[in-house]
Amino acid sequence: MKKLFALFSAMFMMFNIATAQVESAEKQNGPIITFKETNHDFGSIQYKGNGTYEFVFVNTGNEPLILTQPKSSCGCTVPEWPRQPIMPGESNVIRVTYKNTDRPGSFNKYVTVFSNSLSNNEIKLHIKGTVMAQPTEAAPLREESEGSPFNKNN
């Protein structure tokens, strides 16, 4: 019984410490980055189609938010981010482009965003989807009286 009581007491204290840290971060002055969403599923992308998505975020803190260079999971995923500080209450976007839309198949990539945010100063933005196969063109049907479909003069 004493061990069970000690276990519950320890869990209660850890919960209170974790809650106090979250509350103190909210009461501190500083920027806070808040994304509308951090995952995007393109579904099916046409061969050589558009693989670009804009992740919207807001500075919900009370000081300017500064983003540093995001890092992508591979060279085929390219982020574009605002270089200027984002003032409190302002929103902006991080544009993520998947460059290999000429390679059929599925993909699952991410970009890690770094900022001076009090909480979530390192956030991963995930993209996934499937690039469809390259369309093939069929040769025209040949009629017996016309000769070769590629050289009708023969």
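It should be emphasised that the depicted structure is a prediction, and the values quoted were computed from it without experimental measurement.
- The side-chain contact (heavy atoms from CB on, under 4.5 Å) search around Thr130 returns Ser106, not counting sequence neighbours.
- Partners of Thr97 by side chain to side chain donor-acceptor pair (under 3.5 Å), not counting sequence neighbours, listed by chain and number: Thr52.
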Extract all donor-acceptor atom pairs below 3.5 Å that involve side chains of residues 37-49 and protein atoms in other chains or at least two apart in sequence.
from: Glu37; atom 1: OE2; to: Tyr53; atom 2: OH; distance (Å): 2.1
from: Asp41; atom 1: OD1; to: Gly43; atom 2: N; distance (Å): 2.8
from: Tyr47; atom 1: OH; to: Asp102; atom 2: O; distance (Å): 3.2

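- Atom CG in Asn92 sits 9.0 Å away from atom CD in Glu54 (nearest 0.5 Å).
- Evaluation of the salt bridge (charged side-chain N to carboxylate O under 4.0 Å, His left out) rule for Glu90 yields no partner, not counting sequence neighbours.
- For residues 35-97, every residue pair satisfying the disulfide bond (SG atoms under 2.5 Å apart) rule, not counting sequence neighbours, is listed here: Cys74-Cys76.
- With contacts defined as side-chain heavy-atom distances shorter than 4.5 Å, the pair Ile127/Tyr98 qualifies.
- The ring pair (Phe, Tyr, Trp, His ring centres under 6.0 Å) test applied to Phe114 returns no partner, not counting sequence neighbours.
- Of all the heavy atoms in His126 and Phe55, the pair that sits closest is O-CZ, 3.6 Å.
- With rounding to the nearest 0.5 Å, the separation of CD1 in Ile123 from OG in Ser115 is 6.5 Å.
- No donor-acceptor pair closer than 3.5 Å links the side chain of Asn59 to the backbone N or O of Pro31.
- A disulfide bond (SG atoms under 2.5 Å apart) check over residues 88-132, counting only residues at least two apart or in different chains, returns nothing.
- Side-chain contact between Trp81 and Thr68 is absent, with no heavy atoms from C-beta onward closer than 4.5 Å.
- Nearest heavy atoms, Asn29 versus Leu118: O-CD1, 3.7 Å.
- Residues Glu63 and Pro88 share a closest heavy-atom pair of N-CG, 3.5 Å.
- In this structure, Ile32 is not a member of the same hydrophobic cluster as Ile94, with clusters built from ILVMFWY side-chain heavy atoms closer than 4.5 Å.
- Evaluation of the side-chain contact (heavy atoms from CB on, under 4.5 Å) rule for Ser72 yields Thr77, Pro79, Val111 as partners, not counting sequence neighbours.
- Applying the side-chain contact (heavy atoms from CB on, under 4.5 Å) criterion to Arg103, with sequence neighbours excluded, gives Asn100.
- Residue Ile33 comes nearest to Asn120 through the heavy atom pair CG2-O, 3.5 Å, listed as atom of the first residue, atom of the second, then distance.
- Here Asn116 pairs with nothing under the side chain to side chain donor-acceptor pair (under 3.5 Å) rule; sequence neighbours left out.
- Scanning all heavy atoms of the two residues, the minimum distance from Ile66 to Pro85 falls at CG1-CB, 4.2 Å.
- Residues Leu67 and Pro82 are in side-chain contact: their nearest non-hydrogen atoms beyond the backbone lie under 4.5 Å apart.
- Of all heavy-atom pairs spanning Leu65 and Phe57, the tightest one is CD2-CE1, 3.8 Å.
- Using a distance-only test at 3.5 Å, with no hydrogens or angles considered, no donor-acceptor pair links the side chain of Thr34 to the main chain of Thr60.
- Applying the disulfide bond (SG atoms under 2.5 Å apart) definition to pairs two or more places apart or across chains, none involves residues 92-137.
- In this structure Val78 satisfies the side-chain contact (heavy atoms from CB on, under 4.5 Å) test together with Lys99, sequence neighbours excluded.
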